[in-house]
Amino acid sequence: MAPSACFDVIGTCFDFNVPITAIHTRLGPKLTTAKTDPKTLFFAWFYAAQRDFTYISLAGSYKPIAQVLKLTFKRACRIVDLPADAVSDEDVEEIMKAFKAMEPREGLKECFDGLRGAGWDVYGVTNGGVETSLAYFRNAGVELDEQHLLSCDAIEVAKPDVKVYEKAQEHLTEQGLGEKGDGGRWFVAAHAWDLIAARAAGFKTAYLDFEEHDPVTEIFGEFDLYAGSMRELLDKLKNQ
């Protein structure tokens, strides 16, 4: 059976430069009084929103991550001492538009095309919405259809709940891609927390270091493969 690779999407396949730039454009001068910078504010907001997205899912009150991001941005600003009245609704709308316009990691298309050329089947498994995620790939010129994209919105369970990865395993079986545990199914992410759940669900794991930089193996354990770029990932997966 053909090997397969399931990729996390937000942060793994697409980077955050566009929304960080939007924060600078909309709020840059105001951030000096808050003693922060656009990148720091972005990650404080994004990581807190990921936490809230996951926690409300665990509490049985799932909400799409785009909704969580939009409604918590002003709170993130207040936490870094930027008053709520310094951020307009228009600012939030423009930053959310930028979030939906994120650009691909360098080498993403070459990686996907290279894997497919080597006989692999490639999927996305994401906390993001279907339409937004498909638009990311389409705008980047990367082929990915709805059959090859699994969104947490479909089952209303947030990653890294193991049920998401088990659902991905079921989908791969339905696509005729062997069986769970046969060694031909990989999960690729730039987040160690993503991969520990994928590993628990029976995937082999590939860690990309360009977001977290350090896999902190003392906490998350060892993964099957490590790479610093999409090109290195392609070369290493093809040699498995």
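What's counted below: heavy atoms across the whole structure, side chains too, no hydrogens, waters or symmetry copies. Counting begins at 1 with the first residue of the sequence.
Between A98 and V18, the shortest heavy-atom distance links the atoms O-CG1, 3.5 Å. V68 and A49 make their closest contact through CG1-O, 3.7 Å (heavy atoms, listed as atom of the first residue, atom of the second, distance). What you find for G221 and R199 is that their closest heavy atoms are C-NH1, 4.0 Å. When all heavy atoms of S133 and T126 are compared, the pair lying nearest together is OG-CG2, 3.6 Å. In terms of heavy atoms, N239 sits closest to D235 at ND2-O, 2.9 Å. Listed here is the closest heavy atom pair of G129 and D153: CA-OD2, 3.5 Å.
A salt bridge is defined here as a Lys NZ or Arg NE, NH1 or NH2 lying under 4.0 Å from an Asp or Glu carboxylate O, and K163 with D161 meets this definition. Salt-bridge formation is not detected for the pair R231/E106: no Lys NZ or Arg NE/NH1/NH2 atom is positioned less than 4.0 Å from an Asp or Glu carboxylate oxygen. Between K97 and E94 a salt bridge is recorded (basic side-chain N to carboxylate O distance below 4.0 Å). Salt-bridge annotation for D91 and K74: absent, with no side-chain N of the basic residue lying under 4.0 Å from a carboxylate O of the acidic one.
Annotation: Y47, atom OH; neighbour count of heavy atoms from other residues, nucleotides and ligands within 6.0 Å is above 12. Surrounding NZ of K39 are at most 12 heavy atoms belonging to other residues, nucleotides or ligands under 6.0 Å away. Heavy-atom neighbours of D214 CG from other residues, nucleotides or ligands within 6.0 Å: above the threshold of 12. Environment of NE2 in H24: sparse, with no more than 12 heavy atoms of neighbouring residues, nucleotides or ligands closer than 6.0 Å. A 6.0 Å sphere centred on CD of E170 holds more than 12 heavy atoms belonging to other residues, nucleotides or ligands.
The shortest distance between side-chain heavy atoms of F220 and L195 does not fall below 4.5 Å. Within the 4.5 Å cutoff, no side-chain heavy atoms of V142 are placed close to those of Y136. Within the 4.5 Å cutoff, the side chain of P38 has no heavy atoms near those of the L27 side chain. For the pair I23 and L31, the minimum side-chain heavy-atom distance is below 4.5 Å. Put simply, the side chain of K70 does not reach to within 4.5 Å of the side chain of F99, judged on heavy atoms. In this structure, D81 and K35 have side chains that are not in contact, with every pair of non-hydrogen atoms separated by 4.5 Å or more.
Each of E110, R116, K109 was evaluated against F112; a single residue qualifies, R116, per the side-chain contact (heavy atoms from CB on, under 4.5 Å) test.
When hydrophobic clusters are built by joining Ile, Leu, Val, Met, Phe, Trp and Tyr residues whose side-chain heavy atoms come closer than 4.5 Å, directly or via intermediates, F203 is not grouped with L225. No continuous path of ILVMFWY side-chain contacts below 4.5 Å connects L71 to L41, so the two sit in separate hydrophobic clusters. In this structure, V92 is a member of the same hydrophobic cluster as F53, with clusters built from ILVMFWY side-chain heavy atoms closer than 4.5 Å. Criterion: ILVMFWY side-chain heavy atoms under 4.5 Å apart, direct or through other members. Under it, I219 and F223 are part of a common hydrophobic cluster. Criterion: ILVMFWY side-chain heavy atoms under 4.5 Å apart, direct or through other members. Under it, V125 and L115 are not part of a common hydrophobic cluster.
Considering CD1 of I65 and OG of S151, their distance stands at 10.0 Å, rounded to 0.5 Å. From L149, atom CG reaches atom OH of Y123 across 11.5 Å, with rounding to the nearest 0.5 Å. L108 CG to E103 CD: the interatomic distance, rounded to the nearest 0.5 Å, is 12.0 Å. Atom CG of residue D209 and atom OG of residue S229 lie 8.5 Å apart, to the nearest 0.5 angstrom. With rounding to the nearest 0.5 Å, the separation of CG in L172 from NZ in K180 is 11.5 Å. Between T25 atom OG1 and I20 atom CD1 the span is 12.0 Å, to the nearest 0.5 Å.
Panel note: side chain Q240, backbone K236; a donor-acceptor pair is recorded below 3.5 Å. With hydrogens and angles disregarded, no donor-acceptor distance shorter than 3.5 Å links the side chain of R26 to the backbone of V87. Proximity of a side-chain donor or acceptor of D224 to a complementary backbone N or O of A206 within less than 3.5 Å is not detected. Checking side-chain atoms of K30 against main-chain N and O of A86 turns up a donor-acceptor pair under 3.5 Å. A donor-acceptor pair under 3.5 Å is absent between the side-chain atoms of S57 and the main chain of V157, judged by distance alone.
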Contacts table for residues 2-16: side-chain donor-acceptor under 3.5 angstrom, sequence neighbours left out:
| from | atom 1 | to | atom 2 | distance (Å) |
| --- | --- | --- | --- | --- |
| D8 | OD1 | K159 | NZ | 2.7 |
| D8 | OD2 | T12 | OG1 | 2.7 |
| D8 | OD2 | H191 | ND1 | 3.3 |
| T12 | OG1 | A190 | N | 2.9 |
| D15 | OD1 | N17 | N | 3.2 |
| D15 | OD2 | N17 | ND2 | 3.4 |

Apply the test side-chain contact (heavy atoms from CB on, under 4.5 Å) to residues T217 and Y226: give CA-CA distance (whole Å), side-chain angles for both, the deciding distance (0.1 Å), then the verdict. CA-CA 12 Å; T217 56; Y226 296 84; 3.7 Å; yes
Assess whether side-chain contact (heavy atoms from CB on, under 4.5 Å) is satisfied between W120 and L234, documenting all intermediate values. CA-CA 11 Å; W120 289 60; L234 172 61; over 6 Å; no
Steps toward side-chain contact (heavy atoms from CB on, under 4.5 Å) verdict (Y62, I155): CA-CA 10 Å; Y62 183 90; I155 59 173; over 6 Å; no
One pair to check against side-chain contact (heavy atoms from CB on, under 4.5 Å): V122 and H148. What are the steps and the verdict? CA-CA 7 Å; V122 183; H148 287 77; 5.9 Å; no
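Judged purely by distance below 3.5 Å, without hydrogens or angles, the side chains of T173 and R185 pair a donor atom with an acceptor atom.
The aromatic rings of F42 and W45 sit perpendicular, their planes meeting at an angle over 60°, well past the 30° parallel limit.
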